[in-house]
Amino acid sequence: MADLDRVLVLAGGLSPEHEVSVHSGRSVSEALRRLDVEVQVADVDATLLDRLTADPPQVVFPVLHGSAGEDGTLREVLELVGLPYVGADPAACRLAYAKPTAKALMAARGVRVPRGVVLPKSAFHDLGAPALLERLADRLGPTLFVKPDRGGSAFGATPVTGVQDLSAALVSCFAYSDSALVEERVQGTELAVGVLDTGDGPTALPPVEIVPDGGVYDYAARYTAGRTEFFCPARLPEETLDRAREAALTAHRALGLRDLSRTDLIVTEGGEVVFLEANVAPGLTETSTFPMAAAAAGLDFAVVCRELAHRALLRG
Ligand SMILES: Nc1ncnc2c1ncn2[C@@H]1O[C@H](COP(=O)(O)OP(=O)(O)OP(=O)(O)O)[C@@H](O)[C@H]1O
Ligand SMILES: [Mg+2]
């Protein structure tokens, strides 16, 4: 193994997911330090480019969630600077981050995706909200799910039980993105499936079943201790879990992802696997599903982080 001795973990960022990213960054840096890798942690700010040039690390390990971190911007900058980094390249990030695009690619590969409509904020101004809202409910049914067409940590994402709640859900969605993805609400068991590739090709980790106490896996349910129960192994038939893993691998390959990813799915009562989205920078905090799944697969999180950084180093 080539010597890996200087890794820069990038965490924080300006997105609403700043706090989560800081926690992910802490987990990764502490894990690598346990293996005697020299780690520095930096945020994305006006000093970053100078720092990367003046004192370049061997490898960058970005754990930035939300825009810039996941939409390809940061990785484009790392390419410009010429530093190797862990994770998907900018083009793959752009595909995965745009949920309607990712859904279209998955649908083309035969994976079920929620029926949905993408509408920019301007459409509601230009065409009149009431008429559009009515048609949305006619098309997708009264039980809907509204979320930003790109984003994370369920910010601006709201379940809607009737057309009367639709406009409030859209207002909260438009606080995070100029375009809304209005979907049929899929009922069932939520799974997060990590995919890891430390050099032998992508492998799907054991799916993690997510059971939020209020039924909705929103920001509070994600990051408040005790608000969500996680089951790994998930309490679904093995055959269903195999299809969930297959869907996550399909997403990883179809979107051209690299090193690690996490695909969010819902399994319906009938056992059908529905793709919601794929993440290029999955949460790596102590309560995140990716490390949980790695542990269930018998992997040491610190060793996984080191192997990912090492793989990036070899690429560089
Ligand atoms: N069509 C849908 N039907 C039912 N629930 C949904 C639907 N879309 C999203 N959800 C719920 O909302 C949550 C957030 O949605 P999604 O995973 O698409 O967005 P996100 O904010 O990017 O999440 P993440 O933090 O995982 O990146 C999901 O974990 C799921 O609980
Ligand atoms: Mg998600």
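We count ligands from 1, going down the list as the structure has it; atoms in each ligand are counted the same way. All values below come from the heavy atoms of this structure, side chains included, with hydrogens, waters and symmetry mates left out.
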Quick check, are the ring centers of F61 and Y85 under 6.0 angstrom apart? no
I266 contact mode with ligand 1 (heavy-atom cut-off under 4.0 Å): side chain
Could you check [atom] against the protein and tell me its nearest heavy-atom contact, residue, atom and distance included?
atom	answer
atom 25 (O) of ligand 1	S153 N, 2.4 Å
atom 27 (O) of ligand 1	N279 OD1, 2.8 Å
atom 8 (N) of ligand 1	K147 NZ, 3.0 Å
atom 26 (O) of ligand 1	R262 NH2, 2.7 Å
atom 1 (N) of ligand 1	E183 OE1, 2.8 Å
atom 30 (C) of ligand 1	E190 OE1, 3.2 Å
atom 12 (O) of ligand 1	F145 CZ, 3.0 Å

Taking [Y]'s backbone N and O only, do any of them form a donor-acceptor pair with [X]'s side chain (distance below 3.5 Å, no angle check)?
X	Y	value
T240	L236	no
D3	D5	no
H23	T285	no

Test of geometry: compute the angle OD2(D264)-the Mg ion (ligand 2)-OE2(E277) and round it to 10°. 90°
Taking the non-hydrogen atoms of [X], is any one of them nearer than 4.0 angstrom to ligand 1?
X	answer
A154	yes
D218	no
H65	no
R150	no

Under a 4.0 Å N-O cut-off, is there an ion pair linking E184 with R112? yes
Does the pair E183/K103 count as a salt bridge with the N-to-O cut at 4.0 Å? yes
For S21 and H65, test the side chains for any donor-to-acceptor distance below 3.5 angstrom and give the result as yes or no. no
Any nitrogen or oxygen of [X] lying under 3.5 Å from a nitrogen or oxygen in ligand 1? Just yes or no.
X	value
E17	no
R185	no
V186	yes

If you measure from atom 14 (C) of ligand 1 to every heavy atom of K99, R222, E277, which option wins on shortest distance? R222
Any atoms of ligand 1 less than 4.0 Å from a non-hydrogen atom of [X]? List them with their elements.
X	answer
Y217	29 (O), 31 (O)
E184	1 (N), 2 (C), 3 (N)
D264	17 (O), 26 (O)

Carefully, step by step, assess F174 and F124 under the rule ring-ring contact (aromatic ring centres under 6.0 Å, His included). CA-CA 11 Å; F174 289 137; F124 292 88; 5.8 Å; yes
Using a 4.5 Å cut-off on heavy atoms from C-beta on, say whether the side chain of [Y] contacts that of [X].
X	Y	answer
R75	T73	no
L10	L74	yes
I266	V273	no

R222 to Y217, cation-pi by 6.0 Å centre distance and 45° axis angle: yes
